[in-house]
Amino acid sequence: MLIKIGDFECTEVWDGVFYKALSNYPNITKWEIKNILDFIEYEKTHGRACSIECEDKGIIDCIENAIQNPKEYKNVSRPNLITECTACPYRKGCETKFVCHTTSVENAIKIFKSGKLLSAVRARGIPAAQLTTESRNAAHDPADFFEYIMFAWGNCQAGDRLVMERKLNRFPNEDDLSAGFTPGIRFYFKYDEIIKHPNAVMDGFLPLKIKDELNLSEWVYAIIIPTAHKSELESAISSNMKHKVIYVENDCKDIWDWSEKVYSIIEKIN
């Protein structure tokens, strides 16, 4: 895997490259260094070596020194707001108190009935190697990625964007994310709690991911369901989960507006 560090619009993994954006390029924070070390360690665990590219030699030297002294970065605290991504028009970054997993209505019904979030391998009953060959794997993610449940930061729109992509079977355009936008179902978790899950993994890219499965009743903080889907989902929700559900009207102008509305609701829960 190639790690490219630079002044990118966001951090992403695509086609064998980890594009690592910095909040204040060419300066690099201890948290950003920790992310890179976590990514290298995750890749090593799965048999892949990493090389690093950056136009700033000082950053390369800094990372090489960190690789030799990883203990210095093991307990680095995450920022309250991560400003690597410049896309969010409201928060100007990622809020880190909560993480969420977003899915379609069809998948949410299955989740409510089983009481669990499942990795793609377990949810679909298809070997990871086969999942890598599907057209929906546009980023050419390796097989092990499909063995985990993925989470985004709580105010991020990436999960809803992916739901739209799967619904349309193509990359959504501007109209799809505004006038044509239909939100997914969001499962919210407190970061400081979910990180204690025995199968939680820090891969340096996502806030965290969890191998195989996650029992909702033990871990979920809140569940956001667009009001338009209430009738479809209500009967599938068990009695011990109903108090976690919040129905929210989608009266928003676009995906960003929806993400902000939902996160503002989550913040206010007592």
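Counting begins at 1 with the first residue of the sequence. Note: hydrogens, waters and symmetry copies are ignored here, and every other heavy atom, side chains too, is used.
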Are the side chain of His101 and the backbone of Met150 linked by a donor-acceptor contact shorter than 3.5 Å? yes
Residues forming a ring-ring contact (aromatic ring centres under 6.0 Å, His included) with Phe187, sequence neighbours excluded: Phe112
Would you say Cys62 and Ile28 make side-chain contact, with heavy atoms under 4.5 Å? yes
With side-chain contact (heavy atoms from CB on, under 4.5 Å) as the criterion, how do Leu162 and Thr102 come out once you've worked through the C-alpha distance, each side chain's angles and the decisive distance to 0.1 Å? CA-CA 9 Å; Leu162 183 59; Thr102 308; over 6 Å; no
Which residue pairs pass the ring pair (Phe, Tyr, Trp, His ring centres under 6.0 Å) test with at least one member in residues 43-86, sequence neighbours excluded? Tyr42-His46
Do Ser119 and Lys211 make a side-chain contact, defined as non-hydrogen atoms from C-beta onward lying under 4.5 Å apart? no
Could you walk me through whether Arg48 and Asp144 pass the side-chain contact (heavy atoms from CB on, under 4.5 Å) test, one step at a time? CA-CA 11 Å; Arg48 296 185 291 270; Asp144 49 272; 2.7 Å; yes
More than 12 heavy atoms of other residues, nucleotides or ligands under 6.0 Å from NZ of Lys261: yes or no? yes
Residues Lys167, Asp176; criterion salt bridge (charged side-chain N to carboxylate O under 4.0 Å, His left out); working and verdict: CA-CA 11 Å; Lys167 175 184 175 181; Asp176 298 324; over 6 Å; no
Regarding Arg78 and Asp192, does a basic nitrogen lie under 4.0 Å from an acidic carboxylate oxygen? yes
Is Asp160 reaching over with its side chain to a backbone N or O of Pro183, donor-acceptor style, under 3.5 angstrom? no
Any Lys/Arg nitrogen of Glu267 or Lys97 sitting under 4.0 Å from an Asp/Glu carboxylate oxygen of the other? no
Geometric cation-pi criterion, Lys230 with Tyr247: 6.0 Å, 45°: yes
Can you confirm whether Asn137 sits close enough to Thr133 that some side-chain heavy atom of one is under 4.5 Å from a side-chain heavy atom of the other? no
Say you draw a straight line from CD1 of Ile223 to CG of Leu216; how long is it, rounded to the nearest 0.5 Å? 6.0 Å
Test item: Asp203 side-chain N/O and Leu206 main-chain N/O as donor-acceptor pair under 3.5 Å: yes
Report the residues that fulfil side chain to side chain contact (heavy atoms under 4.5 Å, CB included) with Arg136, sequence neighbours left out, ordered by chain and then residue number. Arg124, Glu134, Arg166
What residues, two or more places apart in sequence or in another chain, satisfy ring-ring contact (aromatic ring centres under 6.0 Å, His included) together with His229? none
A side-chain contact here means heavy atoms from C-beta on lying under 4.5 Å apart; do Val201 and Leu208 qualify? no
Does any N or O in the side chain of Asp257 come within less than 3.5 Å of the main-chain N or O of Cys252, such that one atom is a donor and the other an acceptor? no
If you measure only the distance, is there a donor-acceptor pair under 3.5 Å linking the side chains of Glu260 and Ser264? yes
Any side-chain donor-acceptor pair under 3.5 Å between Ser23 and Glu32? yes
Spell out, as yes or no, whether a donor-acceptor pair under 3.5 Å connects the side chain of Asn65 to the backbone of Asp61. no
Starting from Ile269 and following side-chain heavy-atom contacts under 4.5 Å between hydrophobic residues (I, L, V, M, F, W, Y), which residues can be reached? Tyr90, Phe98, Met164, Leu168, Leu177, Phe181, Tyr188, Tyr221, Ile224, Ile246, Val248, Ile255, Trp256, Trp258, Val262, Tyr263, Ile265, Ile266
Contacts of Phe18 that satisfy ring-ring contact (aromatic ring centres under 6.0 Å, His included) - sequence neighbours left out: Phe39
Knowing that exactly one of Leu22, Asn24, Thr11 qualifies, which makes a side-chain contact (heavy atoms from CB on, under 4.5 Å) with Glu84? Thr11
